[in-house]
Structures are given as C-alpha cells and as structure tokens.
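Right, one structure below, let's go through it.
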Amino acid sequence: MVTVRRFKCVNDACSQTTFSEQIPGLTVPFSRRTPTLTKALVSIALSLAGRAGSRLATQLAMPCGRDLLIKLIRKQPAPKVPSVTVLGVDDFAIRRRHSYNTILIDMETHRPIDVLPDREAQTLADWLTRHPGVKIVCRDRGGAYAEGVRAGAPDALQVADRFHLWKNLCEAAQKTVVTHHGCLRQAVRAEAEVQPEEHAPPPEIPGPPSRDYHPLAARTRQRHADVQECLARGLSRAAVGRELNLDIQTVRRFADAATVEELLAKAENRASRLDPWRDVVNQCWNDGVTNAQDITAELRVLGFTGSVQIVRRYLRPLRPHGDGRKRGPGKSAPTTPAIPKPRQVSRWMLTHPDHLDQDDALGLKTAVSSCEHLERLHNHIRTFAAIMTQRHGADLPAWLDTVDADDLPALKTLATGLRRDLDAVINGLTLEHNSGAVEGAVTRIKALKRQCYGRANFDLLRLRILLTP
C-alpha cells in the first residue's frame, strides 16, 4: 500500500487548487500510465508498431490501441547525429520502382544515424555539408550517391562495395554461360556419338527431351517472332508493348536477345526438383516402367519431394507424338549424363576450387574444355577473384584491359561500368571497408517498413529505424 500526501494551495490567485505528491519512478503528473509501463509499450511499439504491437500488449495484460502505440513512437525524440568518420550509404524501397529512402550508417558502430527522404544526389550532398568530418564513404556504384559525395564531401574517399562487384561479375558470367551453353550441349552429344571402331554401331542414342515440346518454348518463339516483326515495322518498344499487350521489360528482353535460342537457354536454366533424379527416371523408363505414378513412388523412396506432374511433364516428350495419353513404344530416354544447366556451370566457375567436390570439379573441367569462350571466362573469373580476396586493387586496370581485348560482350559491359567508377572500385578492392553493415541494416528495415507504409509515415519509419535496438 502506498500513501501520498495531497497539498492545497493557499494562494487564491493560483489556478492549481490542489496537487498530490509524486513518487519518483512510479507516478508522473497528468499521466495514465507509470513510466515503467510506458517504457514497455514504447519497446513494443518500436518493434511491432500498430496492430501487431496492440495484440502483443493485450496478451501481456497491457491492453492499448494501435493509435496509442503510434503516438508513443512519435513522441520519442530523434537521437542526435554523432560525429562520423566512416559513413555507409545505401537506398531501400518504400514502394519498389516508385519511392526510395536513403539509410546512413556509422560503419564503426554499425548503427543507423539518419534516414533521408529520397536517394537524390543533392539531398546527400546537403546532409554531408551539415555534418562535416566524413573521411570515407562506403556505397554501391550508384551514380547519384557518387555525385552527392563529390559535392558534399569532396575530400572523402569513396569505396565501392565488394559484394556488389562480385554480384555484377556473377550476372555477367551467367549471361556468358547462357550464350555459349550450346557449345557444351554439342560437346556432350558428340562424345555420346563417338564409338570404338571394333564395335558395331549401336542404336541411335537420342538426346535429352527437347525443350521445344515445352509450352514455354513455343510461347517464347512466338513472342520473339512477334516482337521482332513489330520492331521491323518501325514501332518503338513502348508501341510494341501496347500492341502485343506486353510489359515494357518483357519487350526489352525479347528485343535485346540476339537469337531466340538465347531466350530458350535462359528458360532452360530454371531449376527443377527433378534435376537430381533425372538419371533414375531415365533408367526406369528404359527398363519399361512408363507410368509416371510408379516412377514417382520409386523416387519418393530416394527422397524426391516433388509432385507426379513434374515427372509427367518430363516424360511427355518421350511418349509417342510427345503427349502423355497415346500409348506405344515411344522414344528411349537419354542414357548419356544430363547436360548441366547454365546456372550450374556458372556456380562451378564462381565457387572456390577447394570448395568443389570431385563430381563438380570434373563437370567444370568438361564444360571449360568444350568451349574456348567458357575457358577464357573461367580464367577471367579466377583472376578477378584473386584480386578481390587478396586486396590487389592495383591489378584491376590490367584485368580490365584483358577483358576489353576479349570477345565476351557481357564482361565488356561490366568492364565499361567499372571504368566509370574506377577509383571507388579500386578502393573497394584494396581497403578493408565494405558495405556489409549497411546491407544488414537494409534487411532489418524490410521488416519495419511493412508497418510504416507510404511517404506520409516517413517520420514514423525514420524514428523506428533510429531507435530500434
């Protein structure tokens, strides 16, 4: 039981006729909650915001409405921006392709220090002007941030993030592998056709089920033909999209493809749950087991988790006339090893050799030996990986010259982009700084922004980012 005193003012001119004694840490004048309860509700509000926070508070016997939690967040003072020497900068989407904000990180403490309402160069330059002392800025290779740093902190050293550099190399490598995947396909088929002279020629070994049977392949060929026909008539890409009812990105993809085979190779690159068990399916088919359900049941014993429809689609090209309903002997399943997909070949090339098992190393050796373009790509990747891991950024210009002298368009495009931001890229491949802490903060923001959607709540989102532990 707590006893407090109540006082009465003897001054008739005082508007406060009576007032009660306050208990430090327990009561606050004109407040309906204790400081301890308020602190707990603020913590819930910062973590979960409105509806979710209200449900949790109710379960914890602290019932309150969502509006109260939002009000508590808005009442919190924003922390002061500390003095920063190494600054991390990156953007995050409030609404993808429509509105973006910029997060600023103190790279020494890995804590957010401010949030900017957009990702414009002038906004960042103004912030850097108001907060002098920044000596190093870690960023991606976006042109707006580079310009903003040059304007707001011209003496600061700009460092491009190594993660994004490696990601760009991975994308260029996969495009190159997709372009030259046909060389690997031809090499595997040629090896299957070579037989010793002393043996009689075996029956014809069919290739893997043709991707042309797949409805996606037929649709891809038709769309590519339609887009190219519209472009030949002089229509712009936007007009092509309106005429064919296609998104502008889809039109751009079909217009930029050199051949339809390149698009089909990208479609074939999609992973399937059946990929690890294709040899088992082929063996069952050649042994006379043609029922998809029976084959699926056998695969489930081995750990297959896909549906029978996946097996049925794979077997459809092997059946008579390429459908799954007519009966007959059909075609033989391929007995040659499955041709690795472009994604798999890219993974082999981009993985450290010590981390490849024996089968993957053999597959990489076969893929590289089947095409001189893939062999040169592999050498370029290994050289860049050595520059990045050993921090030999001074060797990058020589690597760029080697790429420019080669005939790999995707890598040339990457080299052109790196030359536009060469100083920051060399710093990123030489210095110890990187944007890992910034990427981690952006990942945490993705959970926070779901409860603070829209530009109208920018101040609310900013406070949650800066105050959330």
- Query: Between D114 and K80, does at least one N-O distance fall below 4.0 Å, as a salt bridge requires?
  - Reply: no

- Just wondering, do Q158 and R150 contact through their side chains at under 4.5 Å, heavy atoms? yes

- Item | Atom CD of Q309 with >12 non-hydrogen neighbours under 6.0 angstrom | yes

- Item | Flag, side chain of T250 to backbone of L246, donor-acceptor distance under 3.5 Å | no

- Item | A361 backbone acceptor or donor facing W348 side chain under 3.5 Å | no

- Message: Please check this pair: side chain of D360 against backbone of L356, looking for a donor-acceptor N/O pair closer than 3.5 Å.
- Response: no

- Item | Nearest-0.5 Å distance, CG of residue L460 to CG of residue L463 | 7.0 Å

- Task: Could you check D91 against T102 for side-chain hydrogen bond (donor to acceptor under 3.5 Å, both in side chains), going step by step and ending with a plain yes or no?
- Result: CA-CA 4 Å; D91 62 344; T102 298; over 6 Å; no

- Note on the structure: Rounded to the nearest 0.5 angstrom, the CE-CG distance for M388 and L169 is 8.0 Å

- Message: Testing the basics here: between L46 and T468, what is the closest heavy-atom pair and its distance to 0.1 Å?
- Response: O-OG1, 3.4 Å

- Item | Spacing of NE2 belonging to H131 relative to CG belonging to D126, to within rounding of 0.5 Å | 11.5 Å

- Side-chain donor/acceptor of R139 to backbone N/O of V149, under 3.5 Å: no

- Are W166 and L350 side-chain neighbours, meaning at least one heavy-atom pair lies under 4.5 Å? yes

- Message: Less than 4.0 angstrom from a charged side-chain N to a carboxylate O is my criterion; do D155 and K135 meet it?
- Response: no

- Task: Answer yes when R162 and E432 have at least one side-chain N-carboxylate O distance shorter than 4.0 Å, and no when they do not.
- Result: no

- Message: Could you check whether any side-chain heavy atom of L429 comes within less than 4.5 Å of a side-chain heavy atom of H392, counting everything from C-beta outward?
- Response: no

- Item | Distance-minimising heavy-atom pair for L48 and G53 | CB-N, 3.6 Å

- Could you walk me through whether E298 and D294 pass the side-chain contact (heavy atoms from CB on, under 4.5 Å) test, one step at a time? CA-CA 6 Å; E298 184 171 343; D294 295 341; over 6 Å; no

- Give the minimum heavy-atom separation between R464 and S47, together with the two atoms involved. NH2-O, 3.1 Å

- Nearest 0.5 Å, what's the OG1-CG distance between T290 and L315? 8.5 Å

- Query: Would you call E372 and R376 a salt bridge, taking side-chain N to carboxylate O under 4.0 Å as the test?
  - Reply: yes

- Flag the pair R347 / Q174 as yes when at least one side-chain heavy-atom distance between them is below 4.5 Å, and no otherwise. no

- Message: For a 4.5 angstrom cut-off between non-hydrogen side-chain atoms, does D140 reach S435?
- Response: no

- Task: Using the side-chain hydrogen bond (donor to acceptor under 3.5 Å, both in side chains) rule, take Q222 and D226 through it: C-alpha gap first, then chi angles, then the decisive distance, then the call.
- Result: CA-CA 6 Å; Q222 184 61 43; D226 293 342; 3.0 Å; yes

- Item | Distance, nearest 0.5 Å, that separates CZ of R316 from CZ of R312 | 8.5 Å

- Counting only heavy atoms not in D423, do more than 12 sit closer than 6.0 Å to its CG atom? no

- Note on the structure: Taken to the nearest 0.5 Å, the spacing of D401 CG from D406 CG works out to 12.5 Å

- Is there a side-chain contact between L87 and C138, using heavy atoms and a 4.5 Å cut-off? no

- Query: Which class fits the ring pair H373 and H180: parallel under 30°, tilted 30 to 60°, perpendicular over 60°?
  - Reply: parallel

- Query: Is any side-chain heavy atom of N101 less than 4.5 Å from a side-chain heavy atom of R119?
  - Reply: no

- Message: Check whether Q228 reaches the backbone of R223 with its side chain - one donor and one acceptor, N or O, closer than 3.5 Å.
- Response: no

- Could you tell me which non-hydrogen atom of E243 sits nearest to which non-hydrogen atom of L235, and how far apart they are? OE1-CD1, 3.2 Å

- Item | Candidate pair E171 and K175, rule salt bridge (Lys or Arg N to Asp or Glu O under 4.0 Å), full reasoning | CA-CA 6 Å; E171 294 170 350; K175 290 179 181 178; 6.0 Å; no

- Task: Return the minimal non-hydrogen interatomic distance between V177 and L377, and the atom names on each side.
- Result: CG2-CD2, 3.8 Å

- Nearest atoms (heavy-atom pairs only) where H380 meets V403: ND1-CG2, 4.1 Å

- Message: Over 60° means perpendicular and under 30° means parallel, so tell me whether H355 and H352 are parallel, tilted or perpendicular.
- Response: tilted

- Flag the pair V311 / F304 as yes when at least one side-chain heavy-atom distance between them is below 4.5 Å, and no otherwise. yes

